[in-house]
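Side-chain atoms are counted along with the backbone in the values below, which use heavy atoms only and exclude waters and symmetry mates. All chains are named by letter (A, B, ...) in the order of the sequence lines, taking the proteins before the strands, and each is independently numbered beginning at 1.
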Protein chains: 2
Amino acid sequence: MYSSELIKGTLKTIILKLLSDSDEMYGYELTQRVKELTGGKIQLTEGALYPTLHALEAQGVLSTNVVNVGNRIRKYYSITPTGKQLANDKVNEYADFIQTMTFLLGLKPNLG
Amino acid sequence: MYSSELIKGTLKTIILKLLSDSDEMYGYELTQRVKELTGGKIQLTEGALYPTLHALEAQGVLSTNVVNVGNRIRKYYSITPTGKQLANDKVNEYADFIQTMTFLLGLKPNLG
DNA sequence: ATATATACCTAAGAAAATTATGTATATAAA
DNA sequence: TTTATATACATAATTTTCTTAGGTATATAT
């Protein structure tokens, strides 16, 4: 796990990117996918995730579909066209930012 | 300029790295150096910078040396041995984080 | 005179996260 | 069988971190 400080400000970008590459995902699924993809190094907390999902929906970049699974509910989120554009912008901006930080911190460019 | 959201959580790492590579620097100098090195893409704000410098000093990772320049004061910060260690840890953690985010967001590894 | 640059600082408020808590079902383990 | 863990949603209080705005003061360029 990274220090929480370091992960700040990346949540929206991560959510939008994953939903951009998937038809639909629900909140809990997002936490598990991120945990899996990062080998446990990034773990989304529910207290941060759910309010952010609600905000993104209110903003019109995500839409929802509530489904009953057994007796529990599951809220699927999918990305809207506006959201797809935003996801692209955010990912591109982050890519640029990473290059800037790589230079600023004197890190070796990643040569695979 | 990047969206402020994106820069969150990187301030301490940036300060520690620059002071780690320099004998001493003062606050205003740090803002100018970062602006110059990033082509204006990252600009430290004084409201964030000064409280953070004070906190790092209180924490024992920075020490200060106040100098009179003409009639104005200038407060030079230099990094302590503890601070040098912390700078290393933070930069290494950030390097790792960048790799994780590069993978998670599906970015091309930087091939120069 | 006025604006910009240098150089420090703090305080109110906003933004974003953590921590803690709540509800509820399902399943595996002791 | 009851206890812990996993699934699955949610909110509220608090903390952290930053922005915005303001304050003090000198030097220099317009």
Side-chain angles (χ1 to χ4, degrees), chain A residues 1-16 18-19 24-36 40-59 62-77 90 94 97, chain B residues 1-16 18 24-36 40-59 62-78 90 94 97:
Chain A
M1 269 286 281
Y2 299 115
S3 71
S4 71
E5 186 183 63
L6 200 140
I7 304 178
K8 278 178 205 296
T10 62
L11 182 55
K12 280 185 194 166
T13 305
I14 292 172
I15 292 172
L16 290 170
L18 292 191
L19 285 172
E24 55 175 13
M25 293 180 84
Y26 53 98
Y28 186 77
E29 188 183 7
L30 282 163
T31 66
Q32 297 309 300
R33 181 67 62 87
V34 169
K35 188 176 166 183
E36 173 200 328
K41 284 179 176 177
I42 298 179
Q43 291 183 35
L44 308 187
T45 59
E46 297 176 308
L49 177 63
Y50 290 116
T52 300
L53 286 171
H54 301 162
L56 291 172
E57 186 187 5
Q59 203 185 321
L62 298 183
S63 62
T64 56
N65 177 28
V66 179
V67 170
N68 284 304
V69 178
N71 292 327
R72 283 205 300 271
I73 63 156
R74 191 180 281 175
K75 202 170 183 178
Y76 281 97
Y77 288 87
K90 285 223 163 262
Y94 205 81
F97 178 67
Chain B
M1 270 286 281
Y2 299 115
S3 71
S4 71
E5 187 182 64
L6 201 141
I7 304 178
K8 279 179 204 294
T10 61
L11 182 55
K12 279 185 197 169
T13 306
I14 292 171
I15 293 172
L16 290 170
L18 292 191
E24 54 175 15
M25 294 180 84
Y26 54 98
Y28 186 77
E29 188 183 8
L30 281 163
T31 68
Q32 298 309 300
R33 179 68 61 86
V34 168
K35 188 177 169 184
E36 174 201 327
K41 286 178 174 177
I42 298 179
Q43 291 184 35
L44 307 187
T45 59
E46 295 176 312
L49 177 64
Y50 290 117
T52 300
L53 286 172
H54 302 161
L56 291 172
E57 186 187 5
Q59 203 185 320
L62 298 181
S63 63
T64 56
N65 178 27
V66 178
V67 170
N68 285 304
V69 178
N71 292 328
R72 283 206 299 274
I73 64 155
R74 190 179 283 174
K75 201 170 180 178
Y76 280 99
Y77 287 87
S78 53
K90 285 222 163 264
Y94 205 80
F97 178 67

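- A distance of 8.5 Å separates CG of B:Leu49 from NE2 of B:His54, quoted to the nearest 0.5 Å.
- Across all strands shown, B:Ile7 has no heavy atoms under 4.0 Å from either base or sugar-phosphate atoms.
- Rounded to a whole Å, the CD atom of B:Gln43 is 11 Å from the P atom of D:dT19.
- Look at B:His54 and you won't find any side-chain N or O under 4.0 angstrom from OP1 or OP2 of C:dC8.
- In this structure, A:Leu53 CG and A:Leu19 CG are separated by 7.5 Å, a value rounded to the nearest 0.5 Å.
- In this structure, B:Ile15 places its CD1 atom 12 Å from P of D:dT17, rounding to the nearest Å.
- The interatomic distance linking B:Leu11 (CG) with D:dT16 (P) rounds to 16 Å, in whole Å.
- Nearer to the 5' terminus of DNA chain C, by closest-nucleotide assignment, is the contact made by B:Gly27 (compared with the other of B:Gly27 and B:Ala48).
- Rounded to a whole Å, the OH atom of A:Tyr26 is 18 Å from the P atom of C:dT25.
- Remark on DNA chain D: of its neighbouring residues A:Arg74 and A:Gly47, the 5'-side contact belongs to A:Arg74, judged by nearest-heavy-atom nucleotide.
- Closest-nucleotide positions on DNA chain D for A:Tyr50 and B:Lys8 were compared, and the one nearer the 5' end corresponds to A:Tyr50.
- Of all non-hydrogen atoms in A:Tyr76 and A:Glu29, the two that sit nearest each other are CE2-OE1, 4.4 Å.
- Across every non-hydrogen atom of B:Ile7 and B:Lys41, the tightest pair is CD1-O, 4.5 Å.
- With rounding to whole Å, A:Gln59 atom CD is found 14 Å from C:dA15 atom C1'.
- Checking D:dT19, C:dT18, D:dA8 against the side-chain heavy atoms of A:Thr45 singles out C:dT18 as nearest.
- Residue A:Asn71 has a polar side-chain atom (N or O) positioned under 4.0 Å from OP1 or OP2 of C:dA26.
- For B:Tyr77, whose side chain is taken as the heavy atoms from C-beta onward, the closest listed nucleotide among C:dC9, C:dT10, D:dT19 is C:dC9.
- Rounded to whole Å, atom P of D:dA25 lies 18 Å from atom NZ of B:Lys75.
- Of all nucleotides listed (C:dC8, D:dA25, C:dA16), C:dC8 comes nearest to the side chain of B:Ile73.
- As judged by a 4.0 angstrom heavy-atom cut-off over every strand, A:Glu5 is placed among residues touching the sugar-phosphate backbone only.
- Using a 4.0 Å heavy-atom cutoff across all strands shown, A:Gly9 reaches sugar-phosphate atoms only and no base atom.
- Rounded to an integer number of Å, the gap from CD of B:Glu46 to C1' of D:dG23 is 12 Å.
- For A:Ile14 against A:Val34, the heavy-atom pair with the smallest separation is CG2-CG2, 3.8 Å.
- In this structure, B:Glu29 atom CD and C:dA7 atom P are separated by 9 Å, rounded to whole Å.
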